[in-house]
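What follows is one structure encoded as C-alpha cells, with my remarks underneath.
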Amino acid sequence: MSDVLVEVTHVSKKFCRSLKRSLWYGVQDLGLELTGRSYPRDQLRKDEFWAVRDVSLQVRRGETLGLIGHNGAGKTTLLRMLNGLIKPDLGEITVRGRMQALIALGAGFNPVLTGRENIYINASVLGLSKAEIDRRFDEIVAFSGIEEFIDMPVQSYSSGMTVRLGFSVAAHLEPDVLLVDEVLAVGDLAFRTKCQVRIQQMKNNGVAIVLVSHNLHTISHVCTRAVTFEKGRIIYEGDTEAAIDAYRASLLKHYDGPAEDLRGGTGEIRVQRLEVLNEAGQPQQEFDMGSGVRLRLHYEASEPVHNPVINIAMHVLNSHQVTGFRTDVDGLSVGTLQGKGHVDIVVPQLNLFPNVYTLDAILFHPDGFTFYDRVNNAAHIKVRGGLQVNGTAYLPHRWQVNGAAPEAQATTDGAGRALATQLQLS
Ligand SMILES: Nc1ncnc2c1ncn2[C@@H]1O[C@H](COP(=O)(O)OP(=O)(O)OP(=O)(O)O)[C@@H](O)[C@H]1O
C-alpha cells in the first residue's frame, strides 16, 4: 500500500455569497445537466467566490499535517471535501484506508440517538463488527469521561461533552486517516492534553492526521508539517515554524491600521499618533525577543488638560489583551498638557514570545473612566524569534536542580538560550 494516504490534486471549491442566487444557480445547473451540458466549472458567476483554490497536497502514513490560516481562509472547506461531505468543483481527492473525521462538534453524531447508539453506528460505518465494537466500547466511554451520560441523547450534551465523545470515538476506531477541526479548542485543559497524547500515539501507529487549529502552540507541537492558507490558496507548505511565520505575515497583511471609525471621546486632548521606536529612537516595527522598545504617543491638546490618564493597551493581533501601561496604575501624574507634545514609555526588555502585537492608545479624564480620545490599533509590533511556547509573556527566570544550575544543552533552535544569554540570565 502506498505511503500517501491523502492526496489532493488541484482542488478548487466555489460558494455563492447570496443564498437566493445559489439556489437559482442550482436550478440552472440541473437544467443544463438534463440537456447534457454544464456551466464551465472553472468560471465564477455573480456573487460566487473561490473558498478553496487550486490546492494540492499529500499526507503520508504517520504524518500530522496542520492547516492554519485566518478566519474564512478555506481550512474547514478543505476538510469537509476530504471527508466527502462536499464535492470539489475542480480537481481530485484520493483517500486511502479508513477515515474518521471530527469536524465541528461531534460531526457524524445523530443528535436524537444516545451516546451509546452513536458509538455503535459510527463504528459499524467504519466496518467494525459488533464483537469488535463491544470490545472497544468501555475504553471509548472511559476515555471520553462521560460515563453517566452515555445513555442520554447526544442533543442533551454540552459542546465539551460532545467533543469528548467525538474525539474518543475517532481515536479508538483505529482509522488510517483522522481529520480534526479545531475541536481540541473546546475541551478543558486536562482533556486537551489527553487528546494530544493520544494523537501522538496514533501518529506513532502510522495514522495520517490532518489538523485544523488556530492554536499555534498545538500546531507547533503536534504537527510534523503545516500548510498556511490565505483566501483559499496555499501560501506556504512545509516546516511548521515557517508555516506559522507565513500565517503571521498573512495576518499582518489584513491589519488595517488605526481604527478611525471606532474613535470617540470628549476630544479636549487627542492622540496624534503612536510611534514604535528602537532604543536608539529610530522607528522600527520588528524586534527580537528581549530587546528594548520605546513607545511614543504624540498628543495635541486644544486647551490645558490637567493630569490626563495615559493608557497604552497591548493585544495579540486579532486576539486577547497581553498587558497595558497606565499612568494612574503606575501612580504618576503627567501634569498639565497643552498644545502638541509627546509622552514616551520605555520598555527595556520586550519579553514577549514571537507574534504580532497591536497597541491601542487611550487618553482618559483623571477619573480613569471617561475618555478624551481612544485609537484602537494605533500601532503594531512584530516580535521575531524561533520559539513557540504556549502563552505570550517570557518571564526572566533561571533553573536550579537540587540547588545547582543544570548543564546547558543544545536546544532545537537555540533560541531560548540565545534569549537567556541576551537577558544575561544564564
Ligand atoms: N456552505 C457555504 N456556503 C457559502 N459560503 C460558505 C459555505 N461554507 C463556507 N463558506 C465560506 O467559504 C469561506 C471559507 O470558509 P471556511 O469555513 O473553509 O474557512 P476556515 O478557514 O475554516 O475559517 P475559520 O478559521 O473561521 O473556521 C468563508 O468565506 C465562508 O464564509
>> Let's go through Arg326 and Asp330 carefully: what are the C-alpha distance in whole Å and the side-chain angles of both, what is the deciding distance for salt bridge (charged side-chain N to carboxylate O under 4.0 Å, His left out) to 0.1 Å, and is it a yes or a no?
In response: CA-CA 6 Å; Arg326 284 182 70 123; Asp330 289 343; over 6 Å; no
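- Contact annotation: the side chain of Ile235 never approaches that of Val227 to less than 4.5 Å [non-hydrogen atoms, C-beta and beyond].
- For Arg21 and Trp24, the positive end is not near the middle of the six-membered ring at less than 6.0 Å and at most 45° from its axis.
- Lys75 places a side-chain N or O within 3.5 Å of a backbone atom of His70 that can act as its donor or acceptor partner.
- No hydrogens or angles considered: nothing links the side chains of His10 and Glu92 as a donor-acceptor pair under 3.5 Å.
- A search for salt bridge (Lys or Arg N to Asp or Glu O under 4.0 Å) contacts involving Arg294 returns Asp344, not counting sequence neighbours.
- With a 4.5 Å cut-off on side-chain heavy atoms, Thr218 and Leu211 count as touching.
- Side-chain N or O atoms of Thr228 include one that pairs as donor or acceptor with a backbone N or O of Ala243 at under 3.5 Å.
- Looking only at distances, no side-chain donor or acceptor of Ser291 sits under 3.5 Å from a matching main-chain atom of Phe287.
- Of the possible donor and acceptor atoms, none in the side chain of Gln196 sits under 3.5 Å from a partner among the backbone N and O of Thr193.
- Between the OG1 atom in Thr162 and the CZ atom in Phe149 there is a gap of 11.5 Å [rounded to 0.5 Å].
- Shown are Leu85, Val11, Val52, Leu82; of these, the side chain to side chain contact (heavy atoms under 4.5 Å, CB included) with Thr77 is made only by Val52.
- Thr358 places no side-chain N or O within donor-acceptor distance of the main-chain N or O of Asn377, the cut-off being under 3.5 Å.
- By the 4.5 Å heavy-atom criterion applied to side chains, Ile312 and Leu297 are counted as neighbours.
- Looking at heavy atoms from C-beta onward, Gln285 lies out of side-chain contact with Lys382 at the 4.5 angstrom threshold.
- Ala226 and Ile219 get closest at one heavy-atom pair: CB-CG2, 4.2 Å.
- Judged by distance alone, with hydrogens and angles left aside, the side-chain atoms of Glu117 form a donor-acceptor pair with the main-chain N or O of Thr114 at under 3.5 Å.
- The salt bridge (Lys or Arg N to Asp or Glu O under 4.0 Å) check on Glu174 picks up Arg136, with sequence neighbours excluded.
- A donor-acceptor pair under 3.5 Å is formed between the side chain of Gln284 and the backbone N or O of Glu286.
- Counting only heavy atoms from C-beta outward, the side chains of Asp47 and Ser18 approach each other to under 4.5 Å.
- Shown here for Tyr236 and Ala246, the closest heavy-atom pair between the two residues is CB-CB, 3.8 Å.
- Across all non-hydrogen atoms, the minimal contact from Asp89 to Arg41 is O-NH1, 3.2 Å.
- With hydrogens and angles ignored, the 3.5 Å screen pairs no side-chain donor or acceptor of Asp181 with any backbone N or O of Thr76.
- Residues Ile244 and Ser220 meet the side-chain proximity criterion, which asks for heavy atoms closer than 4.5 Å.
- Contacts of Asp151 classified as salt bridge (Lys or Arg N to Asp or Glu O under 4.0 Å), with partners at least two apart in sequence or in another chain: Arg116.
- Looking at Arg263, its side chain never comes within 3.5 Å of a backbone N or O of Asp373 through a donor-acceptor pair.
- A cation-pi arrangement is absent between Arg164 and Phe143, since the terminal nitrogen or guanidinium carbon is not both under 6.0 Å from the aromatic centre and inside a 45° cone about the axis.
- Atom CG in Asp176 sits 11.5 Å away from atom CD1 in Ile209 (nearest 0.5 Å).
- Note on ring orientation: taking the six-membered ring where Trp is involved, the planes of His397 and Trp399 are perpendicular (angle over 60°, cut-offs 30° and 60°).
- A cation-pi contact links Arg45 to Tyr25, judged by a cut-off of 6.0 Å to the six-membered ring centre and 45° from its axis.
- Across all non-hydrogen atoms, the minimal contact from Leu5 to Gly206 is CD1-O, 4.4 Å.
- Classification of the Phe371-Phe364 ring pair by plane angle, with boundaries at 30° and 60°, yields perpendicular.
- Contact of the Pro354 side chain with the Met289 side chain is registered, since non-hydrogen atoms from C-beta on lie closer than 4.5 Å.
- Note that OH of Tyr299 is 16.0 Å distant from CZ of Arg270, once rounded to the nearest 0.5 Å.
- Side-chain atoms of Lys14 never come within 3.5 Å of backbone atoms of Pro88 as a donor-acceptor pair (strictly under, hydrogens ignored).
- Side-chain atoms of Ser250 and Glu230 form a donor-acceptor pair, as typed in the model, at a separation below 3.5 Å.
- Put simply, the side chain of Ile150 reaches to within 4.5 Å of the side chain of Phe137, judged on heavy atoms.
- Atom CG in Leu78 sits 6.0 Å away from atom CG in Leu67 (nearest 0.5 Å).
- For Arg60 and Gln58, the side-chain atoms include at least one donor-acceptor pair closer than 3.5 Å.
- Distance check: Ile381 CD1 to Leu352 CG gives 8.0 Å after rounding to the nearest 0.5 Å.
- To the nearest 0.5 Å, atom NE2 of residue His298 and atom CD of residue Gln272 are 9.0 Å apart.
- Shown here for Val59 and Glu63, the closest heavy-atom pair between the two residues is CA-OE1, 3.5 Å.
- Scanning all heavy atoms of the two residues, the minimum distance from Pro348 to Val346 falls at CD-O, 3.6 Å.
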